[in-house]
Every structure is written in C-alpha cells, then in structure tokens.
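Worksheet for the structure shown next.
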Amino acid sequence: FGQAAFFGLGAYAWAIGAFNFGPGLGAIALAIAVPAAFAALLGYFMFYGKISDVYLGVITLAVTLILFNLMNSTSGDSYRIGEALLGGFNGIPSIPPLTLPGAAEPLSPEGTFTLAALILIAAYFGLRAVMASRFGRVVAAVRENEQRALLLGYNASLYKLAAFTLGGALAGLAGMLYANWGAFVSPGVFGLSQSAQIIIWV
C-alpha cells in the first residue's frame, strides 16, 4: 500500500537531479537509485525483523505519511538541495523536461507518453523474465509458503528484501516519469490518495 513513498522519492529525486545534473541519465539514475536504496533500508528492518504481512502494509503507509509531512515542512529558502528549492507544500515547479542522450531537444508531451509506454512494456517483459528465472521461482515459493521455503534452505528474508528493493526501483522510475510529465512535484505524491491511485493504475 505504501508504493507512493518510493514513487514520490523517485519524483523528487528526478526533480533535484534535473536541476543539479541536467535532465539526463544522471537524474534518471538518481530517481531509480534513491527509492531503491530507501526500499532496501526499510525492507531490511521489516523483513529481518520478521514483520508480518498486515503490519508491513501499515508500516509502508505510515512511512508514506511521514514523508508527506516531512516534505510539507520544507518551505523557505533554507530548504534546498544544490540548485533545487524544495518549496514545501508549494512543491518544485518548472522541472526541466527529460532530454535523451544525443537528442538536441527535450522530449515533447507525446514523446513522454511514448517513452512511458515503452518503459511499461520493457518492465512487464523484464519482470516476466525475472519470475521465470531461479530467483523468481524462489520468490514465488516464498509467496506461496514461506515456511516451506525456509525448510528447503532458502533465506526468505533476503528474497523478500530483493523483491521489495526491485519494486522500490520500479516505483521510483514511475515517479520520475510522472514528475517529468507534469514538470511539477509536490508533497501530494506521498498522499494516501496517491497510494490508492497507484493501485488503480496497476
């Protein structure tokens, strides 16, 4: 339920990276790496702390609300990361549009939608390939019966952490596309309504 935490981190990381490094591959890498690292850190404490499924959903929602309140409290000139002014509840406007390597012009709105569709297709088939691999089969086994996977000698916590981190990276990539589409990001990307919308989109 708390995918908005990683989605929002990806959106903010893109905006900050675009202002500081330019709207290219560096900002994209930042938008994927920051949510993935945060997911890995949060997931480590949840999965190795043996948090059950229900509490896992509650914790991710709580983290989303914490990030919402944190970013809401960053108004003022002192809250900036490099060239990017965080803007508090007003958000970060006028984010530079994505410029692909070798392209003279930034992506148009139509180009952004085309890129989003291509990334969706690549993510779908990429995840199909992951689930068909040995790693994916173990993840499916842990999902179906964690106790049996443990008895077979698999480190269920490690596999859950890896899947959670991958999910965080993909959510960050989606957040980057979302921020690039509107050229704007605000604390609303961490809201409960955003979490619900993400589930509806999927």
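Here the structure is a predicted model, which means the values were calculated and not measured.
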- request: Indicate, with yes or no, if Phe19 and Leu25 share a hydrophobic cluster defined by side-chain heavy-atom contacts under 4.5 Å among Ile, Leu, Val, Met, Phe, Trp and Tyr.
  value: yes
- line: Here the gap from Thr74 atom OG1 to Asn69 atom CG, rounded to the nearest 0.5 Å, amounts to 11.0 Å
statement: So CG of Leu61 and CD of Gln3: to nearest 0.5 Å the spacing works out to 11.0 Å
message: Measuring only between side-chain heavy atoms, which start at C-beta, is Thr99 closer than 4.5 Å to Glu105?
response: no
- prompt: Which heavy-atom pair separates Ala39 from Gly168 by the least distance, and what is that distance?
  reply: CB-CA, 4.1 Å
query: Which pair of non-hydrogen atoms, one from Leu30 and one from Ala13, has the smallest distance, and what is that distance?
result: CD2-O, 3.5 Å
message: For a quick test of reading the model, state the closest non-hydrogen atom pair linking Lys160 to Phe47 and the distance between them.
response: O-CE1, 3.6 Å
task: Work out which heavy atom in Ala163 is nearest to a heavy atom in Phe135; give both atom names and the distance.
output: N-CZ, 4.2 Å
message: More than 12 heavy atoms of other residues, nucleotides or ligands under 6.0 Å from CZ of Arg80: yes or no?
response: yes
- prompt: Any chance OH of Tyr48 has more than 12 other-residue heavy atoms, nucleotides or ligands included, within less than 6.0 Å?
  reply: yes
- line: All heavy atoms of Ala40 vs all of Leu161, minimum pair found to be O-CD1, 3.3 Å
statement: Leu86 and Ile92 have their tightest heavy-atom pair at O-CG1, 3.5 Å
- line: One should read off an interatomic distance between Tyr159 OH and Arg137 CZ, to the nearest 0.5 angstrom, of 10.5 Å
message: Can you tell me if Tyr79 has over 12 outside heavy atoms packed within less than 6.0 Å of its OH?
response: no
Distance-only donor-acceptor pairs under 3.5 Å for side chains of residues 173-186, two or more places apart:
from: Asn180; atom 1: OD1; to: Leu98; atom 2: N; distance (Å): 2.8
from: Ser186; atom 1: OG; to: Gly188; atom 2: N; distance (Å): 3.3

field: Heavy-atom side-chain proximity of Arg148 to Val142 below 4.5 angstrom
entry: no
field: Same cluster (ILVMFWY, side-chain, under 4.5 Å), Phe6 and Phe45
entry: yes
field: Aromatic centroids of Phe164 and Tyr44 separated by under 6.0 Å
entry: no
Contacts under 3.5 angstrom, residues 113-134 side chains, donor-acceptor by atom type, not counting sequence neighbours:
from: Thr114; atom 1: OG1; to: Glu110; atom 2: O; distance (Å): 2.9
from: Tyr124; atom 1: OH; to: Arg128; atom 2: NH1; distance (Å): 2.8
from: Ser133; atom 1: OG; to: Val130; atom 2: O; distance (Å): 2.5
from: Ser133; atom 1: OG; to: Gly136; atom 2: N; distance (Å): 3.3

query: What distance do Leu150 atom CG and Ser157 atom OG have between them, rounded to the nearest 0.5 Å?
result: 7.0 Å
message: If hydrophobic clusters are built by linking Ile, Leu, Val, Met, Phe, Trp and Tyr wherever their side-chain heavy atoms come under 4.5 Å apart, do Ile199 and Leu192 end up in the same one?
response: yes
- request: Kindly compute the distance separating CG (Leu9) from CZ (Phe38), expressed to the nearest 0.5 Å.
  value: 6.0 Å
Pro187 backbone acceptor or donor facing Asn72 side chain under 3.5 Å: no
query: Do Leu170 and Leu56 share a hydrophobic cluster (ILVMFWY, side-chain heavy atoms under 4.5 Å, transitive)?
result: no
message: Quick check on the hydrophobic clustering: are Leu42 and Leu166 connected, directly or via other members, by side-chain heavy-atom contacts under 4.5 Å?
response: no
